[in-house]
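Working notes, structure below.
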Amino acid sequence: MAGRAPLFNPSAEALTALYAALLARYGRQPWWPAETPFEVVVGAVLTQNAAWTNVEKAIARLRSRDLLSLDAVLAAEHDALADAIRPSGYFNVKARRLRSVCAFLDDAGGMQRFARRDLATQRSGLLAVHGIGPETADDILLYALDRPVFVIDVYTRRLLQRYRLARGDEPYEVLRAGFEAALAADVDLYQQFHALIVVHAKAACRKTPLCPTCVLAPACPGGR
DNA sequence: TACCAGGAGAAAA
DNA sequence: TTTTCTCATGGT
């Protein structure tokens, strides 16, 4: 019996053209918005189902309370941690998740030692942490550890759906594998591509009924 | 007032 | 195995 066709098998040309169009439209993005790799880890957890503006407030509160370090998070009381991250929502859940990932990194010898492990070990380790799903793990790998992992988020799904490159409801790993199979394992490319997808999703042009000036025209989702 | 925003895990069907 | 529910705040 023939195997089922891949759910998501984009051509390199299609993805490269999409990336080029986004880059031409929006330019290079200063992404991920964080000062340190550890801050990326914190942001990746806090941004779960939350607006980034609220995450920024939570991170600022952590910084002002000297809680923006692995040791400080592990030493903090749950209530103190939860109160600091309150603006990002789900603060009780996220406080536990933050402590879980910090405990994992601490067991691994800290961020720097963890960064030296091979990618497969890093990814499986992160995914085994309570509260760290594939998107959060890949955010950490790509933006904190500079590993070539393509991040799939809701914006990526919508974009693929609108360009009819995918249905949009494929499993996370199917979409990630599709991007990584079609594109070279280039950290900068992956970082910029994901950032541009997010920027495009938030841009006003997405919401307009027609977008003749957008470089993505005539395929711009806004024109559909 | 209602809805949405860069998820993930647990429980229920 | 798949679907639904829960967690929670702040902006529009």
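Note on naming: letters A, B, ... go to the chains in the order of the sequence lines (proteins, then strands), and numbering restarts at 1 for each one. Excluded from the calculations below are hydrogen atoms, water molecules and symmetry mates; all remaining heavy atoms, backbone and side chain alike, are included.
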- Query: According to the interplanar angle, ranging from 0 to 90°, do the rings of A:Y143 and A:W32 count as parallel (below 30°), tilted (30 to 60°) or perpendicular (above 60°)?
  - Reply: tilted

- Message: Check the orientation of A:H194 and A:W31. Use parallel for under 30°, tilted for 30 to 60°, and perpendicular for over 60°.
- Response: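 Geometry flag for A:W31 against A:H194: perpendicular rings.
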
- Message: For the backbone of A:G168 and the side chain of A:E170, can you confirm whether one donor and one acceptor N or O come within less than 3.5 Å of each other?
- Response: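 Checking the backbone N and O of A:G168 against the side chain of A:E170, a donor-acceptor pair under 3.5 Å is found.
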
- Message: For A:A115, is there any backbone N or O sitting under 3.5 Å from a side-chain donor or acceptor partner on A:Q122?
- Response: yes

When you compare the protein's N or O atoms with those of nucleotides 3-5 of chain C, which come within less than 3.5 Å of each other, and at what distance?
none

- Task: May I ask you to evaluate whether A:K57 reaches the phosphate of C:dG11, defined as a side-chain N or O under 4.0 Å from OP1 or OP2?
- Result: yes

- Query: Are A:R123 and A:D138 within salt-bridge range, i.e. N to O under 4.0 Å?
  - Reply: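 Yes, A:R123 and A:D138 are salt-bridged.
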
- The side chain of A:Y90 lies closest to which of these nucleotides: C:dG11, B:dA5, C:dA8? C:dA8

- Could you pick out which residue, A:N92 or A:T53, lies toward the 5' side of DNA chain C when each is mapped onto its nearest nucleotide? A:N92

- Query: Between A:Y190 and A:F179, does the ring centre distance come in under 6.0 Å?
  - Reply: no

- Reported CG-to-CG distance for the pair A:L67 and A:L98, which is rounded to 0.5 angstrom: 9.5 Å

- Query: Can you give one letter per nucleotide of nucleotides 8-13 of chain B, going 5' to 3': B for a protein heavy atom under 4.0 Å from the base, S for sugar-phosphate only, - for none?
  - Reply: BSS---

- Task: Using the P atoms only, state how far B:dA10 lies from C:dA8, rounded to an integer number of Å.
- Result: 15 Å

Identify all side-chain donor-acceptor contacts of residues 49-59 of chain A below 3.5 Å with residues at least two apart in sequence or on another chain.
unit_1: A:N49; atom_1: ND2; unit_2: A:Y90; atom_2: OH; d: 3.0
unit_1: A:W52; atom_1: NE1; unit_2: A:E56; atom_2: OE2; d: 3.3

